[in-house]
Amino acid sequence: MNINIVFPDKQQKAFEAGVSVAQAIAQWRNEALSSAVAAKVDSVPVDLSFVLTRDAALDVIDVSSREGLNVLRHSIAHVMAHAVQDVFPGAKVTIGPSIEDGFYYDFDYAEPFELDDFAKIEKRMKKIAAADYPFIREVLPRAAAVDIFSARGEDYKVELINDLPADVTEVSLYKDGDYVDLCRGPHIPSTAKVKAFKLLSLAGAYWRGDERNKMLQRIYGTGFADEAALAEHLALIEEAKKRDHRRLGRELDLFSISDEAGAGLVIFHPKGMMLRYLIEDWERKEHLKRGYDMVMGPQILKVDLWKKSGHFDHYRENMYFTEVDEQTYGIKPMNCLAHMLIYKSKIRSYRDLPLRYFELGTVHRHEKTGVLHGLLRVRQFTQDDAHILCMPEQLNAEIRAIADFVNYAMGVFGFEYEVELSTRPVHSIGSDADWELATCALEGALKDNAIPYEVNEGDGAFYGPKIDFKLKDALKRKWQCATIQCDFTLPERFDLNYIGPDGEKHRPVMLHRVILGAIERFMGVLIEHYAGAFPVWLAPTQCILLTVTDKHIPYAETVYSALIDAGIRCEKFFDNEKLGYKIRQAQMQKIPYMLVIGDKEMEAATIAPRARDGSNLGALTVEQFIALVREMCEKKKG
RNA sequence: GCCGAUGUAGCUCAGCUGGUAGAGCAACUGAUUCGUAAUCAGUAGGUCCCCGGUUCAAAUCCGGGCAUCGGCUCCA
């Protein structure tokens, strides 16, 4: 019997039923087979060994595609697990997927693995690759699969199979050599395609991601189609480390975190504080343009208020408390309470709404020691926080305005971001109806504005669902910055109301929102984003005066005064060193403009600016330079 | 909080199996007065994270803490 196969270029070919995908591809385009790792039959991913028995559309999954790379990495993860079991008999396998930059596999083994073991495992992996074991897929009834894994002592695989939904009657296994794994597939045709890989790090990870479960040992690795791509990736990791904000924070003297002061507490040095001031100053103005009122609440509030808000019941673990005159006060972990009190301080009319209270509010949260991370995860931080109190019918427009604000702000800094909608968590307050309303309001606004998003089930705040905006750091870790949270509960708990057009009391709705999120975190991501080379408007030092010799100092001093007078952030570097040395120092400090002053400049009453990118701007008068800097700041360029 | 690793001069790192510490850069001093990414010479700098233990003797071995790093869980 003949079957018709349609190839990606719409070409149709007839084959005898029973032909494998690999054979079909070979007859279509022989060269396509060498870089193919798997295929899709009528959009369903399959192995190259899959047998075609009826008419179908065939797609090739090439290793050069994202999908193909994932298949390869997943197969490398199998090879690694195979090698680990060879090197460490008795190690139990659990799960091992491909991830964005590679793969990992989690093992349960009595002894801790060490970094030194990587060489042994890699060596073994190379042997497995050289053996050219085909990946063989087998489909069996789940009971038979349970028997196989039980016999091999693979308790975790047995658990995985037993937890499958009842309607799943068969499962697929993949074998390479004497290694067997439970796996959906597809896989590369044989271990010979495993050519370029490297094991990278070791970590603990809870079984099924639940901290109540046993901690397993995770090995992270990465893999590519060839050595060149691997080397490129490893070089990229090195580059990313160079722009790590913790390293740049020290090198550029922006901030420090001191054991003596305490973990997770940031100490801003002059340059870091200047950067922070510039961001905050910009942000205040942007808020005033958008109808926000600046407010400020106290740092500590009586514990009864935290009980009223629900924080004491649901957030106590993260809060710090202190005693004042035998009364317990909670150090604020959020800024909303004072804002509620401001609202309540007088009778509100529907004509007053929406009210938008903005505060650069400093909060303290007790974060577990293991999570602290430079500026990105700290125990004291300042949020660019606002609470918007409005009528339910104003909700959509307000959410839309915030999303626009976020989009504008991210555009100013040149950030790409991802959006997530986080729904009701297990521990939460409020009625089902309110959660439903709030979630719909957020989702509706996202849909109305055609903002692409993913749903993050159960990840909302305890008082309401939220829209999260996530930025990536240099090492591609995602960090939540902006967030919009919809809250029907706190207005209820605080009995907030407004007088409607009908003369009756009504309940307002509250939006909690931040644009940059935590200033500290945002700065951390920002430092990495710019690799420390801040645009002129944000650069703590915008220019530095470099004298060629000592005799140019008096003239350079007059230039300095003129620049400082004009509000330009300028430094002097008049040391008795060669110009090349000073250029190098300024370059390493990533200062936007180096202003060279020698004989020529002194005579012509000019300066010779050299930009950070190495270009010379030619002789400029001080006035011309001031105008240039002002223009760059205005346009937020450079 | 959990798993693993690490903690030596301001920074980056040596210091083998126990015999009380070194390099480069930075800093400081002097000489040099120099034109677009490192001038030369000299000087100084350390409770070897902290506390306890073993030992004639601990940076080194053991125990406990703290902190950092990579993850997990959690989160702005």
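Computation of the quantities below employed the complete heavy-atom set of this structure, encompassing side-chain atoms and omitting hydrogens, waters and symmetry-equivalent molecules.
Computed from coordinates, the A/D599 CG to B/G35 C1' distance equals 9 Å when rounded to whole Å. A/L579 places its CG atom 12 Å from the P atom of B/C34, with the value rounded to the nearest Å. Between A/Y581 atom OH and B/C40 atom P there is a gap of 11 Å when expressed in whole angstrom units. Rounded to an integer number of Å, the gap from A/D253 CG to B/A27 P is 13 Å. At whole-Å resolution of the value, CD in A/Q585 and C1' in B/A27 are 12 Å apart. B/A37 atom P lies 17 Å from atom CD of A/Q589, rounded to whole Å. The distance between atom CG of A/D116 and atom P of B/G4, rounded to the nearest whole Å, is 15 Å. In this structure, CD1 of A/I597 is placed 16 Å from P of B/U36, rounded to the nearest angstrom.
By the 30° and 60° cut-offs, the orientation of the rings of A/F113 relative to A/F88 is tilted.
Among the protein residues, A/E577 comes within range of the nucleic acid bases, having at least one heavy atom under 4.0 Å from a base atom. Across all strands shown, A/K582 has no heavy atoms under 4.0 Å from either base or sugar-phosphate atoms. Looking at heavy-atom distances under 4.0 Å, A/E111 makes no contact with the nucleic acid at all.
Judged by Watson-Crick or G-U wobble contacts below 3.5 Å, the nucleotide B/C34 has no partner. With a cut-off of 3.5 Å on both pairing distances, B/C48 has no Watson-Crick or G-U wobble partner at all. Under the Watson-Crick or G-U wobble criterion, with both distances below 3.5 Å, B/A67 is paired with B/U6. Pair assignment for B/C72 gives B/G1, based on Watson-Crick or G-U wobble hydrogen-bonding distances that are each under 3.5 Å. Nucleotide B/U17 is matched to nothing when pairs are restricted to Watson-Crick or G-U wobble geometry with both distances under 3.5 angstrom. In this structure B/A27 sits in a base pair with B/U43, meeting the Watson-Crick or G-U test at under 3.5 Å. With a cut-off of 3.5 Å on both Watson-Crick or G-U wobble distances, the partner of B/A58 is given as none.
A donor-acceptor pair under 3.5 Å links the side-chain atoms of A/Y555 to the main chain of A/T606, judged by distance alone. A/Q587 places a side-chain N or O within 3.5 Å of a backbone atom of A/R612 that can act as its donor or acceptor partner. At least one donor-acceptor pair closer than 3.5 Å links the side chain of A/K157 to the backbone N or O of A/T94.
Cation-pi geometry between A/R73 and A/F103 is not satisfied (NZ or CZ under 6.0 Å from the ring centre, within 45° of the ring normal). Annotation: cation-pi geometry not satisfied between A/R212 and A/Y206 (NZ/CZ under 6.0 angstrom from ring centroid, within 45° of ring axis). Stacking of A/K92 on the aromatic ring of A/Y156 is not recorded, the 6.0 Å distance cut-off and the 45° axial limit not both being met. Both tests do not hold together for A/R284 against A/F358: distance to the six-membered ring centre under 6.0 Å, angle to the ring axis within 45°.
Ion pairing between a basic and an acidic side chain is recognised when a charged N comes within 4.0 Å of a carboxylate O; A/E238 and A/K242 show no such pairing. With respect to the salt-bridge test (charged N to carboxylate O, under 4.0 angstrom), the residues A/R208 and A/D210 do not qualify.
Between the P atoms of B/C49 and B/A59, the separation comes to 10 Å (whole Å). Separation of the P atoms belonging to B/A5 and B/G65 is 16 Å when rounded to the nearest angstrom. The same atom, P, is picked in B/U54 and in B/G63; the two are 15 Å apart, to the nearest Å. B/A9 and B/G30 have their C1' atoms separated by 23 Å, given to the nearest Å. Taking atom P on both B/U60 and B/G52, the two are 14 Å apart, rounded to the nearest angstrom. When the C1' atom is compared between B/A27 and B/G10, the two are found 8 Å apart, to the nearest whole Å.
Scanning for salt bridge (charged side-chain N to carboxylate O under 4.0 Å, His left out) contacts around A/E571 gives A/K271, with sequence neighbours left out.
Residue A/R610 places at least one side-chain N or O under 4.0 Å from the OP1 or OP2 atom of B/A37.
Toward the 5' end of RNA chain B, the nearer of the two residues A/G580 and A/T549, judged by each one's closest nucleotide, is A/T549.
Contact annotation: side chain of A/E317 to base of B/G1, donor-acceptor pair absent below 3.5 Å.
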Quick one, give me the B/S/- string for nucleotides 46-52 of chain B, reading 5' to 3', where B means a protein heavy atom under 4.0 Å from the base and S means that only happens at the primed atoms, P, OP1 or OP2.
-------
Which letter, B, S or -, goes with each nucleotide of nucleotides 67-76 of chain B from 5' to 3', with contact meaning a protein heavy atom under 4.0 Å?
SSSBBBBBBB
